[in-house]
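This chain uses plain numbering: 1 for the first residue, then up along the sequence.
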Amino acid sequence: MDKNRILIMTGSGKGKTTSAFGMALRVWGHGGRVSVIQSIKHESGSGEVEALRSLPGCEVVCTGLGFTPRRNDETAWREHESAAQQGWELACDKLRDMSVRLVVLDEVFYPIRYGWLTEERVEPILRRFANEEAGRILIMTGRNAPEWCINLADTVSSIQEIKHALRQGIVAQEGVEY
């Protein structure tokens, strides 16, 4: 059996989630089960989420509450922290479930950066996954991947923004941004 793989899609550019979802389609096309856990993001009806959910053996769970509040809004901050921790528990279940070939932890680096998920809590789970020989795949996406995650991964891609329509005042468009 092949070694498990950890891939990271990070950077300021557009396309990290899209890349992970493309790999989800690849795994599904080879008959594998796929589980996507989206941190931060909430149920928005985005096209790629709806497409994956329509495929048997693919699940997408949005565990976030949407835009992150400012830290001075203590109540909202704690609600988002709780949602991130519940999402992490679900992620751990999927990482242990040998029937799931690909786990995508979309936007996971925000809860790590905000301190909602600590290195001490996350790193041992990732290390255990990395050391398994079950031919499974973990993809982690989001801006600002921490160095300790990068060190555990065997493939890291940085997607950099060069130019973005939203910065030019062009509104989000169905099929492009969602």
Side-chain angles (χ1 to χ4, degrees), residues 1-10 16-66 68 79-146 148-157:
M1 182 58 66
D2 293 329
K3 178 185 179 302
N4 282 1
R5 302 276 306 272
I6 297 178
L7 293 85
I8 290 176
M9 309 297 175
T10 193
K16 298 174 289 289
T17 297
T18 304
S19 177
F21 278 35
M23 290 188 67
L25 287 173
R26 181 179 292 157
V27 168
W28 181 83
H30 286 286
R33 281 188 56 216
V34 173
S35 182
V36 177
I37 295 112
Q38 291 191 303
S39 301
I40 305 298
K41 296 177 180 175
H42 61 90
E43 295 293 338
S44 64
S46 69
E48 66 270 24
V49 167
E50 296 308 315
L52 277 181
R53 284 181 173 158
S54 74
L55 302 174
C58 286
E59 70 174 341
V60 180
V61 180
C62 299
T63 63
L65 302 177
T68 307
E79 289 170 353
H80 281 257
E81 179 178 31
S82 178
Q85 291 177 2
Q86 289 172 18
W88 177 248
E89 290 305 315
L90 176 61
C92 290
D93 290 343
K94 299 304 177 181
L95 289 169
R96 285 188 294 267
D97 184 346
M98 297 303 253
S99 73
V100 178
R101 175 94 193 286
L102 169 65
V103 176
V104 176
L105 303 181
D106 187 39
E107 300 291 4
V108 71
F109 300 128
Y110 281 106
I112 291 171
R113 189 170 80 226
Y114 297 152
W116 298 338
L117 301 175
T118 64
E119 178 179 353
E120 294 75 26
R121 186 172 182 193
V122 174
E123 191 270 343
I125 303 299
L126 299 182
R127 186 169 301 285
R128 183 174 32 220
F129 182 87
N131 289 324
E132 290 176 0
E133 293 195 20
R136 298 173 65 223
I137 306 158
L138 167 62
I139 301 174
M140 303 169 75
T141 75
R143 293 174 182 236
N144 303 309
W148 59 268
C149 285
I150 290 171
N151 291 336
L152 280 170
D154 57 90
T155 301
V156 178
S157 294

S.K.: Measuring from atom OG of S157 to atom CD1 of I8, what distance do you get when rounded to the nearest 0.5 angstrom?
M.R.: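 Interatomic distance, S157 OG to I8 CD1, rounded to 0.5 Å: 10.0 Å.
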S.K.: Are V100 and V34 close enough that some pair of their side-chain heavy atoms sits under 4.5 Å apart?
M.R.: no
S.K.: List for me each residue that meets side chain to side chain donor-acceptor pair (under 3.5 Å) alongside T17, sequence neighbours excluded, and say none if there are none.
M.R.: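 Checked T17 against side chain to side chain donor-acceptor pair (under 3.5 Å); matches are K41, D106.
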S.K.: Just by distance, do the side chain of K16 and the backbone of R143 share a donor-acceptor pair under 3.5 Å?
M.R.: no
S.K.: Begin with the C-alpha distance, continue with both residues' side-chain angles, and end with the deciding distance and a verdict on side-chain contact (heavy atoms from CB on, under 4.5 Å) for V36 and L105.
M.R.: CA-CA 6 Å; V36 177; L105 303 181; over 6 Å; no
S.K.: List the residues meeting salt bridge (Lys or Arg N to Asp or Glu O under 4.0 Å) with E123, not counting sequence neighbours, and say none if there are none.
M.R.: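 Residues passing salt bridge (Lys or Arg N to Asp or Glu O under 4.0 Å) with E123: R127.
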S.K.: Could you walk me through whether L152 and F129 satisfy the side-chain contact (heavy atoms from CB on, under 4.5 Å) test, starting with their C-alpha distance in whole Å, then the side-chain angles of each, then the deciding distance to 0.1 Å, before giving a yes or no?
M.R.: CA-CA 10 Å; L152 280 170; F129 182 87; over 6 Å; no
S.K.: Is the backbone N or O of V103 less than 3.5 Å from a side-chain atom of S35, with the two atoms forming a donor-acceptor pair by type?
M.R.: no
S.K.: Side chains of residues 87-94: which donor-acceptor partners sit under 3.5 Å, not counting sequence neighbours?
M.R.:
{"unit_1": "E89", "atom_1": "OE2", "unit_2": "R121", "atom_2": "NH2", "d": "2.5"}
{"unit_1": "D93", "atom_1": "OD1", "unit_2": "R96", "atom_2": "NH2", "d": "2.7"}
{"unit_1": "K94", "atom_1": "NZ", "unit_2": "E59", "atom_2": "OE2", "d": "2.8"}

S.K.: Tell me which pairs pass side-chain hydrogen bond (donor to acceptor under 3.5 Å, both in side chains) where either residue lies in residues 109-119, with sequence neighbours left out.
M.R.: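 Qualifying pairs, neighbours excluded: none.
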S.K.: Go through the structure and list residues passing salt bridge (Lys or Arg N to Asp or Glu O under 4.0 Å) with E132, not counting sequence neighbours.
M.R.: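 Salt bridge (Lys or Arg N to Asp or Glu O under 4.0 Å) list for E132, sorted by chain: R136.
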S.K.: Any heavy-atom pair between the side chains of N144 and T10 that's under 4.5 Å?
M.R.: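 T10 does not reach N144 side chain to side chain.
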S.K.: Can you list everything that forms a side chain to side chain contact (heavy atoms under 4.5 Å, CB included) with A83? Sequence neighbours excluded, please.
M.R.: L65
S.K.: Considering residues at least two apart in sequence or located in another chain, which fulfil the side chain to side chain contact (heavy atoms under 4.5 Å, CB included) criterion with R53?
M.R.: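 Scan of R53 (side chain to side chain contact (heavy atoms under 4.5 Å, CB included), adjacent residues dropped) gives E43, V49, E50, V60, C62.
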S.K.: With T155, which residues qualify under side chain to side chain contact (heavy atoms under 4.5 Å, CB included), at least two apart?
M.R.: R5, L7
S.K.: The criterion is ring pair (Phe, Tyr, Trp, His ring centres under 6.0 Å); which residues satisfy it with W28, sequence neighbours excluded?
M.R.: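 By the ring pair (Phe, Tyr, Trp, His ring centres under 6.0 Å) rule, W28 matches no residue at all.
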S.K.: List in chain and number order the residues that pass salt bridge (Lys or Arg N to Asp or Glu O under 4.0 Å) with R33, two or more places apart in sequence or in another chain; answer none if no residue qualifies.
M.R.: D97
S.K.: E48: which residues meet the salt bridge (Lys or Arg N to Asp or Glu O under 4.0 Å) condition with it, sequence neighbours left out?
M.R.: none
S.K.: Would you indicate whether the side-chain heavy atoms of F109 and T141 approach each other to under 4.5 Å?
M.R.: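 No, too far: nothing below the 4.5 Å cut-off.
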S.K.: If the condition is side chain to side chain donor-acceptor pair (under 3.5 Å), which residues does S82 pass it with, not counting sequence neighbours?
M.R.: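 S82 satisfies side chain to side chain donor-acceptor pair (under 3.5 Å) with Q86 only.
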